[in-house]
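Quick caveat, the model's predicted, so the values are computed rather than measured. Chain naming here is simple, since letters A, B, ... match the order of the sequence lines and numbering starts at 1 in each.
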Number of protein chains: 2
Amino acid sequence: MPKPVVSEEKRRRRRLTRSGKVLSEQLIIDTAMRLLREHGSTGLSARRLGLALDCDPSTLYRYFRGMDDLTLAIGDTLIGQALHGWSPTGAWRADLRGLGVRIHAAYVAHPQAAVLTTSRVTGRANELAADEAVLGVLRGAGLPVADAVPVYHAFIDQTLAFAALDAASLALPNAALRAEDEVWRSTYAHLPASSHPHIAAAAPLLATEMVNSAYPSALDLLLDAVAARLKAAAQQGSDGRTRG
Amino acid sequence: MPKPVVSEEKRRRRRLTRSGKVLSEQLIIDTAMRLLREHGSTGLSARRLGLALDCDPSTLYRYFRGMDDLTLAIGDTLIGQALHGWSPTGAWRADLRGLGVRIHAAYVAHPQAAVLTTSRVTGRANELAADEAVLGVLRGAGLPVADAVPVYHAFIDQTLAFAALDAASLALPNAALRAEDEVWRSTYAHLPASSHPHIAAAAPLLATEMVNSAYPSALDLLLDAVAARLKAAAQQGSDGRTRG
DNA sequence: TCTCTTATGCCAACACAGTTGACCTTACGC
DNA sequence: GCGTAAGGTCAACTGTGTTGGCATAAGAGA
């Protein structure tokens with residue numbers, strides 16, 4: 001019985017669970033995300049999910065190949081939420097910024113789920129749509145494919161990287177969170193200026209700075225670089241040259 | 001027996017393990033990192049570590065409060081390796097770039113360990129030293145504390161964020177790695193231009209681009225921004241103004 | 001409406017995980 | 001040398017993902 005997971009649209013017989021519910025991919029994903037939110041990023045388990053859905057854990061293997069497969073599905077759902085309602089306006093900079101902020105926000109809004117999925121490539125529908133959107137904006141702005149690809153790479157990796165980092169600190173279980181807070185208060189805030197002069201001098205500022213995400217500023221830096229490349233390409237074009 | 005972990009320097013009686021070895025924090029950390037390298041980022045377990053050290057798993061609790069505590073120790077070791085041999089030259093841009101590249105490289109050199117530790121704040125010695133170094137370089141360049149702190153934040157988060165992302169894909173177990181490769185070949189490379197025109201057009205370039213890290217370019221962007229701020233601050237100073 | 005097939009939910013079991021409390025032995029301070 | 005307790009070991013607990021076998025009810029075909 002190792003593999004025969006049937007896809008959602010091929011599913012024909014909708015049998016009731018012992019508690020009378022009807023399962024579906026979407027219901028399982030939603031419940032999993034709720035569990036993640038309630039119990040932290042390590043709080044999702046087949047048994048707990050079975051308990052929440054009032055079905056046997058092994059039943060889940062009729063819908064997903066395993067917990068890892070379910071994880072990927074959750075990740076694609078997050079990207080889907082980010083893209084929901086987005087459409088390009090034609091202003092490349094605003095469009096790209098919007099995409100970045102939306103994706104980052106979607107992950108950060110579900111930090112426990114994000115921790116599990118940020119660095120996974122799923123190849124599922126919503127992930128593909130996001131990639132297509134980013135590449136489309138860049139090329140629509142006038143960037144040749146060869147220039148668009150590295151920019152796309154930096155853009156998407158930076159967005160996911162910050163999303164992962166920011167989500168990770170938001171997703172820490174309460175115990176670990178208090179522990180890090182304690183580390184901060186007991187260590188960073190009281191370092192003697194003799195051994196760590198710079199941290200000591202910056203301590204009060206660090207306390208307020210470190211709670212925010214550095215993503216927006218990093219994103220704007222990247223957009224500046226894109227603008228510079230576009231300008232250079234335009235100038236090159238008006239010079240009548242085709243290659244640098 | 002819940003808490004009484006004694007610190008390494010307080011350790012007095014060095015008793016032999018059943019196989020004649022002598023345990024120590026360092027030996028345990030080194031062995032753990034070896035296990036991570038050999039068995040992947042999920043391949044570290046108390047039982048496996050006990051097997052490798054030829055001691056009972058529960059013995060480890062005499063040295064670390066739990067597997068999580070050991071994880072933090074591994075993280076600090078990585079930062080220590082990054083800083084080993086580094087010293088500031090006085091040229092802020094080269095120094096900062098060196099720090100970033102070293103930290104990123106140290107994590108990426110131990111991807112399986114990095115996955116577990118990148119987003120954890122330990123407050124241990126080497127982490128503090130790294131923070132102190134970054135802040136020192138920025139202030140040494142002439143940046144006032146209030147300006148240095150957000151730059152420090154962006155710098156350290158960006159470095160760790162990319163390290164985490166790059167490590168994550170390097171640390172994927174062989175099975176998952178082949179799966180992602182398969183996803184790529186079966187999905188991205190063969191998307192019809194009708195549904196995903198931009199991905200289709202970029203496919204060959206994407207294949208070669210996505211294997212490299214986007215960190216160096218992102219780092220240089222950040223350094224450019226710092227240079228701009230320094231220039232602005234210098235100009236402001238020569239104007240005789242003290243506040244903007 | 002009845003029947004047959006098989007999709008799909010359930011059960012029991014496996015090997016693995018982290019962690020703990022009790023025990024015992026041996027290295028060290030006196 | 002002796003007594004103490006540090007530190008290694010054992011056994012057990014609860015939790016995890018996953019699988020093969022079973023049984024039952026949903027839906028197709030008559």
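Rounded to an integer number of Å, the gap from CG of B:L70 to C1' of C:dG18 is 13 Å. Following rounding to the nearest Å, B:D56 (CG) and D:dG8 (P) show an atom-to-atom distance of 11 Å. Residue B:R48 contributes atom CZ, which lies 9 Å from atom P of C:dC16 at whole-angstrom precision. If you measure from atom CZ of A:R65 to atom P of C:dT8, you get 16 Å, rounded to the nearest angstrom. Whole-Å rounding puts the A:D68 CG to D:dT16 P distance at 17 Å. A straight line from CE of B:M67 to P of C:dA17 spans 10 Å, rounded to a whole angstrom. Going from atom CG of A:L16 over to atom C1' of C:dG9 covers 10 Å, rounded to whole Å. In this structure, B:L51 places its CG atom 15 Å from C1' of C:dA15, rounding to the nearest Å.
Of the candidates D:dG8, D:dA12, C:dT8, the closest approach to any side-chain atom of B:T59 belongs to D:dG8. Comparing C:dG9, C:dC11, D:dG17 against the side chain of A:T17 picks out C:dG9 as the nearest. Checked against D:dT18, C:dT19, D:dA25, the side chain of A:R15 finds its nearest nucleotide in D:dA25.
Using a 4.0 Å heavy-atom distance criterion, B:S45 is classed as a sugar-phosphate-only contact.
In this structure, A:Y63 reaches the C:dG9 phosphate: one of its side-chain N or O atoms is under 4.0 Å from OP1 or OP2. Remark: B:S58 is not in phosphate contact with D:dT9, judged by side-chain N or O atoms under 4.0 Å from OP1 or OP2.
In this structure, the side chain of A:R102 engages the main chain of A:A82 through a donor-acceptor pair within 3.5 Å. A donor-acceptor pair under 3.5 Å links the side-chain atoms of B:N126 to the main chain of B:D76, judged by distance alone.
Evaluation of atom-type donor-acceptor distances gives a pair under 3.5 Å for the side chain of A:R62 against the base of C:dG9. For a distance-only test at 3.5 Å, the side chain of A:R47 fails to qualify as a donor-acceptor partner of the base of D:dG15.
Salt-bridge annotation for B:R124 and B:D69: present, with a side-chain N of the basic residue lying under 4.0 Å from a carboxylate O of the acidic one.
Using a 30° and 60° split on the angle between ring planes, A:Y215 and A:H104 fall in the parallel class, below 30°.
Looking at every heavy atom in both residues, B:A167 comes nearest to B:A114 through CB-CB, 3.7 Å.
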